[in-house]
Amino acid sequence: MKMDIVSPTEWGFFTLPRPCVIAGPCSAESLEQLLETASGLRKTGINMFRAGVWKPRTHPGCFEGHGVPALKWLQEVKKQTGMKVSCEVASAQHVFECVKHGVDMVWLGARTTANPFLVQEIAEALSGTDIPVLVKNPVNPDVDLWIGAFERLNKCGVRKLGAIHRGVSSFQKMKYRNDPAWEMAIELRSRVPELPIFADPSHMGGAVSYVQELSQRALDLGFEGLMVECHCKPCEALSDAKQQLTPDQLHDMLLGENRLVVRDNDTDNVSYRENITQLRAKIDVLDDNLLSMLCQRMNVSRQIGQFKKDNNIAILQTGRWDSILERMIQRGTELGLSEKFVRDFFTSIHEESVAVQNRILEEK
Ligand code: PEP
Ligand code: MN
């Protein structure tokens with residue numbers, strides 16, 4: 001489904017086209033904390049402020065946000081700094097309160113996106129408003145569930161839509177708090193190219209030291225924006241203290257000497273265009289060759305299948321497969337290919353080969 005979407009450059013919030021930056025604390029803790037953080041961000045030219053008012057926490061008893069009174073503080077931030085303000089909504093009631101208090105933009109959190117009932121009630125509550133809505137990827141790596149949320153909102157008339165990629169939860173201990181799962185955002189881009197994508201390097205990384213590298217990766221992938229958690233005194237934060245930058249740290253990341261490099265999506269430069277066209281033509285030829293080789297390989301596999309069937313031999317010969325894989329990984333690494341790539345590639349070929357041979361055995 002092609003979605004009817006208005007680009008963020010037309011939302012009237014982002015003074016610089018790329019990256020569109022949303023910044024502010026994880027949670028609204030007090031009026032003073034919001035005003036101090038916002039005025040620090042304003043100096044960097046940031047125009048869109050974020051602060052969580054209702055916080056979905058994993059365990060009960062943690063700080064769950066101040067709710068409606070914090071919306072009044074956001075109104076005060078707007079009045080005193082001229083910034084636009086945004087917060088997370090997780091129910092229709094949250095939407096009504098946000099509309100009532102003049103919140104300029106809302107987003108759906110990762111846990112909400114995973115629940116189609118909530119997404120539907122939020123979409124219906126937003127119908128008839130002109131508030132931009134960002135949707136975080138669900139906590140599980142399910143691109144369809146993510147796209148379903150955009151479809152529900154778009155069907156209710158929400159056209160100012162964007163995605164926030166924040167990675168997915170993982171049982172395994174990793175460098176980052178979330179598995180970045182960049183492939184989800186890449187898949188979203190290819191399925192809904194008209195949708196702008198923001199990265200959330202704060203929740204993805206879980207620590208201040210990872211925010212810049214993850215933001216750079218997002219810009220390298222062509223994301224339109226960033227949502228970064230910032231707090232005037234991160235060590236005193238009531239939630240996500242380890243991952244919040246100070247406004248000065250965000251300033252350095254965006255405008256300092258070692259600032260993020262913003263990549264263009266295209267250029268009119270003639271020599272770039274000629275070179276890239278030639279290189280892409282080479283890739284197209286190689287891809288055609290790869291397909292035809294794969295097809296030839298599957299045909300041989302089919303012949304082997306028939307031969308095994310005639311001689312009543314089982315399909316799976318693990319010794320043979322192990323030796324192919326070992327030889328290919330060795331050869332691949334000599335050629336400069338990563339072990340993971342070679343392993344994944346040949347495992348996929350092997351799975352298809354086994355499926356092809358299975359079909360032959362099943363034939364009467
Ligand atoms: C947040 O942005 O404060 C938040 C709770 O993030 P997520 O939904 O990505 O966990
Ligand atoms: Mn947070």
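Note that the numbering runs from 1 along the sequence shown for the chain. The structure displayed is predicted, hence computed values, not measured ones. The analysis underlying the following values was restricted to heavy atoms, covering all of them including side chains, and did not include hydrogens, waters or symmetry mates. Remember, it's 1-based here, ligands and their atoms both numbered in the order they're listed.
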Taking ring pair (Phe, Tyr, Trp, His ring centres under 6.0 Å) as the cut-off, I'd like each qualifying pair that reaches into [range], sequence neighbours left out, listed once.
range: residues 58-93; answer: Phe63-His66, His66-Trp73
range: residues 86-136; answer: Trp54-His94
range: residues 304-347; answer: Trp321-His350, Phe341-Phe345

Next on the checklist: Restricting to N, O or S, what is the name of the atom of Asp240 that lies nearest the Mn ion (ligand 2)?
Outcome noted: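 Result for Asp240 and the Mn ion (ligand 2): OD2.
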Next on the checklist: Which protein residues come within less than 4.0 angstrom of ligand 1, counting heavy atoms only?
Outcome noted: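 Residue list for ligand 1: Arg50, Lys55, Glu88, Trp107, Gly109, Ala110, Arg111, Lys136, Arg166, His203, Glu229.
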Checklist entry - Counting N and O atoms only, with roles assigned by atom type, does the side chain of Glu76 sit under 3.5 Å from a partner on the main chain of Leu31, one being a donor and the other an acceptor? => result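 Answer holds: no.
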Checklist entry - Can any side-chain N or O of Thr246 pair as donor or acceptor with the backbone N or O of Cys232 at less than 3.5 Å? => result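 Not a single qualifying donor-acceptor pair exists.
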Checklist entry - Which value, rounded to 10°, describes the NE2(His203)-the Mn ion (ligand 2)-OE2(Glu229) angle? => result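 Between NE2 of His203 and OE2 of Glu229, at the Mn ion (ligand 2), the angle is about 90°.
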Checklist entry - Hey, would you say the Tyr210 and Tyr176 ring centroids sit under 6.0 Å apart? => result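 For Tyr210 and Tyr176, the ring centres are under 6.0 Å apart.
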Next on the checklist: For Gln303 and Asn299, which I'm curious about, is there any donor-acceptor pair between the side chains at under 3.5 Å?
Outcome noted: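 There is no such pair (donor and acceptor under 3.5 Å, judged by atom type) between the side chains of Gln303 and Asn299.
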